[in-house]
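Data first, discussion second: the structure below is written as structure tokens.
Bear in mind the structure is a predicted one, so any value in this text is a computation, not a measurement. In the text below, chain A, chain B and the rest are named by the order of the sequence lines, each starting its count at 1.
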Protein chains: 2
Amino acid sequence: METKVLILEDDIVNAMHMQVVLESAEFEIIGIAGNYIEALRLFVNRLPDLLVCCIYLNNGEVAINFIEQARDIKKVPVIYVSAHDDEETLNRVMDSSPASYITKPFTDRQLLVAAKCALHKQMRLSSCNTTPEPTGRELEIIRHLVKGESSRKIADTLCISYETVKTHRKNIYKKFRVSSGYETVALAFHNQWVF
Amino acid sequence: METKVLILEDDIVNAMHMQVVLESAEFEIIGIAGNYIEALRLFVNRLPDLLVCCIYLNNGEVAINFIEQARDIKKVPVIYVSAHDDEETLNRVMDSSPASYITKPFTDRQLLVAAKCALHKQMRLSSCNTTPEPTGRELEIIRHLVKGESSRKIADTLCISYETVKTHRKNIYKKFRVSSGYETVALAFHNQWVF
DNA sequence: CAAACAATCCCCCATTCGGGGGATATTTGG
DNA sequence: CCAAATATCCCCCGAATGGGGGATTGTTTG
């Protein structure tokens, strides 16, 4: 059974973008609302399993009011979408215990990960960047790693010592708190260091 | 210097979606055209470095005519976007030597990969599915692999023998023509088996 | 029904990896 | 100007991988 999703977002382009992305991953969009009243009407009629809410609407409405009313009808996980990646907004929505929080602009992947996490009731934040960046050389090695090249081969193609490549890998593991090449490759995709 | 892109697509939602995606990856959209004439006007005025073209427009126009005229002015790589994933359409556009070919619905990743490949003059097809699917058990193992778990650990959590996990991995390598866990993880992300 | 597929398990062996030590030179930023 | 960051190189060792052989059970499906 598909997960029913209600989107509260007045930017129609962004809303339709989200619709396309979510529909490509077994989600059923039961409606797109541009304001509070419309959202509540759709909510009571269709009883969605997941809410995707823009925090601030252009007409001045704030999603939190709607969320609180909706909660009285049916408890559902919420993904908050924000255009502002600041701590104040973050703290504000945290009080209403969302399931996910992503900031614009976000990638398809970020939205999908947020949605999946929301359904599994795992909190997920995609904001207030604390992730370090790989250095130029590190990124180069990560890209080769993604292609499945061994440290020996990477060393040959980059014309550096095998030991140097190993050192870079060890540094990457420490910096990003992973412990294998596999996790590094996964990380590279999540952070869009590679395509 | 950013790569200048011209989009020929009359579905405005899809066009804006592509704009958002491409702009998030160092591409500059110099214009969106909904028809042949408009596209040619934008082309001669702005001389883009890359074309993204819907093959069939709703008004009955076919992009190939436009492409051939544009080619006389400036040679640029072309990404063809098609709603039909059939061999006939594919053969038809192949004759005009596109740089990439993707079918709707496509993911952000597919579009970006196509764009990057186009710029590097590497042909890329995202159609006529020839990619085999992993079996249930194989997919399960792939997901654990992405998390960085070793074959031994996977065996423990799935309560099967270490040798069995190795066999599954070997089968995966053969089936998808890869030769390492790293490539498998990369493949899993490309094919959206994981998020 | 026979053949293909899926999932399970076993052995061998060379190569690679992960993690633990170091060291030195160059670039860069405050 | 000097400390921090970056990039380079070296050794050791136990564990894991990749690639090559097999084999046995069910299940699906043409």
Side-chain angles (χ1 to χ4, degrees), chain A residues 26 128-195, chain B residues 1 26 87 128-195:
Chain A
E26 296 159 36
C128 298
N129 235 338
T130 53
T131 323
E133 284 293 309
T135 68
R137 208 51 161 171
E138 283 167 355
L139 191 56
E140 215 164 344
I141 281 160
I142 289 170
R143 288 194 212 274
H144 285 280
L145 213 52
V146 170
K147 291 192 217 149
E149 294 177 17
S150 70
S151 294
R152 187 87 50 187
K153 175 135 198 267
I154 297 173
D156 288 346
T157 50
L158 294 184
C159 290
I160 54 178
S161 161
Y162 165 66
E163 295 295 334
T164 305
V165 177
K166 285 193 64 177
T167 304
H168 281 305
R169 292 181 65 154
K170 283 190 281 194
N171 288 338
I172 291 168
Y173 297 158
K174 271 184 199 156
K175 188 189 278 187
F176 300 102
R177 306 223 223 100
V178 291
S179 57
S180 71
Y182 306 106
E183 287 174 271
T184 307
V185 172
L187 197 78
F189 277 96
H190 278 298
N191 295 56
Q192 301 208 287
W193 297 330
V194 292
F195 293 103
Chain B
M1 190 195 65
E26 295 159 37
E87 272 198 59
C128 297
N129 236 338
T130 51
T131 321
E133 284 293 308
T135 69
R137 208 52 161 171
E138 283 167 355
L139 191 55
E140 215 164 343
I141 281 161
I142 289 170
R143 288 195 212 275
H144 286 280
L145 213 53
V146 169
K147 289 192 219 150
E149 293 177 15
S150 69
S151 294
R152 186 87 52 188
K153 176 133 196 270
I154 296 172
D156 287 346
T157 50
L158 294 183
C159 290
I160 54 178
S161 160
Y162 165 64
E163 296 295 336
T164 305
V165 177
K166 284 192 66 177
T167 304
H168 281 305
R169 291 180 67 155
K170 282 190 282 193
N171 289 337
I172 291 167
Y173 298 159
K174 271 184 198 153
K175 187 188 279 187
F176 302 103
R177 306 223 222 100
V178 293
S179 57
S180 71
Y182 305 105
E183 287 173 272
T184 308
V185 171
L187 196 77
F189 277 97
H190 278 299
N191 295 52
Q192 301 207 287
W193 297 331
V194 294
F195 294 104

Quiz item: Roughly how many Å is it from CD in Glu183(B) to C1' in dG18(D), rounded to a whole number?
Solution: 12 Å
Quiz item: Given atom CD of Glu138(A) and atom P of dA5(D), what is their separation to the nearest angstrom?
Solution: 12 Å
Quiz item: Is the shortest distance from a Lys or Arg side-chain nitrogen in Glu140(B) or Arg143(B) to a carboxylate oxygen in the other one below 4.0 Å?
Solution: no
Quiz item: dG18(D) phosphate, OP1 or OP2: any side-chain N/O from Ser179(B) under 4.0 angstrom?
Solution: no
Quiz item: Hey, is the side chain of His168(B) poking within less than 4.0 Å of OP1 or OP2 on dA7(C), counting only N and O atoms?
Solution: no
Quiz item: Are any of Thr167(B)'s side-chain N or O atoms less than 4.0 Å away from OP1 or OP2 of dT8(C)?
Solution: no
Quiz prompt | No-H, no-angle donor-acceptor pair, Lys174(A) side chain to dG18(C) base, under 3.5 Å | solution = no
Quiz item: dA7(D) phosphate, OP1 or OP2: any side-chain N/O from Arg137(A) under 4.0 angstrom?
Solution: no
Quiz item: Could you give the CZ-to-P distance, from Phe176(B) to dG18(D), as a whole number of Å?
Solution: 16 Å
Quiz prompt | Chi angles and distances behind the ring pair (Phe, Tyr, Trp, His ring centres under 6.0 Å) call for Phe189(B), Trp193(A) | solution = CA-CA 13 Å; Phe189(B) 277 97; Trp193(A) 297 330; over 10 Å; no
Quiz prompt | Minimum-distance nucleotide (side-chain atoms of Ser161(B) versus dC9(C), dG18(D), dT17(D)) | solution = dC9(C)
Quiz prompt | d(CG, Asn171(B); P, dG21(D)) in whole Å | solution = 14 Å
Exercise. Determine the contact category for Tyr173(B): base if any of its heavy atoms lies under 4.0 Å from a base atom, sugar-phosphate if only primed atoms, P, OP1 or OP2 are that close, otherwise nothing.
Key: sugar-phosphate
Quiz item: Which one, dT17(D), dT16(C), dT8(C), comes nearest to the side chain of Tyr162(B)?
Solution: dT17(D)
Practice problem: Indicate, with a heavy-atom threshold strictly under 4.0 Å, whether Thr135(A) touches base, sugar-phosphate, or nothing. | Solution: sugar-phosphate
Quiz item: Got Thr135(A) and Lys175(A) here, is their nearest side-chain heavy-atom distance under 4.5 Å?
Solution: yes
Quiz item: Lys166(B) NZ to dC9(C) C1': how many Å, rounded?
Solution: 12 Å
Quiz item: So, is Ser151(A) near the phosphate of dT16(C), with a side-chain N or O under 4.0 Å from OP1 or OP2?
Solution: no
Quiz item: Given that Glu163(B) and Ser180(A) both sit by DNA chain C, which one's nearest nucleotide is further toward the 5' end?
Solution: Glu163(B)
Self-check item: Interatomic distance where CD1 belongs to Ile141(A) and C1' belongs to dT8(D) [whole Å]
Solution: 11 Å
Quiz item: Any side-chain donor paired with an acceptor under 3.5 Å for Glu183(A) and Ser179(A)?
Solution: yes
Self-check item: Length of the line joining Ile172(A):CD1 and dG19(C):P, which is rounded to integer Å
Solution: 13 Å
Exercise. Look at the side-chain N and O atoms of Arg169(B) and state whether any lies under 4.0 Å from the OP1 or OP2 oxygen of dG18(D).
Key: yes
Quiz item: Is the closest side-chain donor-acceptor distance between His168(A) and Glu138(A) under 3.5 Å?
Solution: no
Quiz item: What is the distance from NZ of Lys153(B) to P of dC17(C), rounded to the nearest Å?
Solution: 21 Å
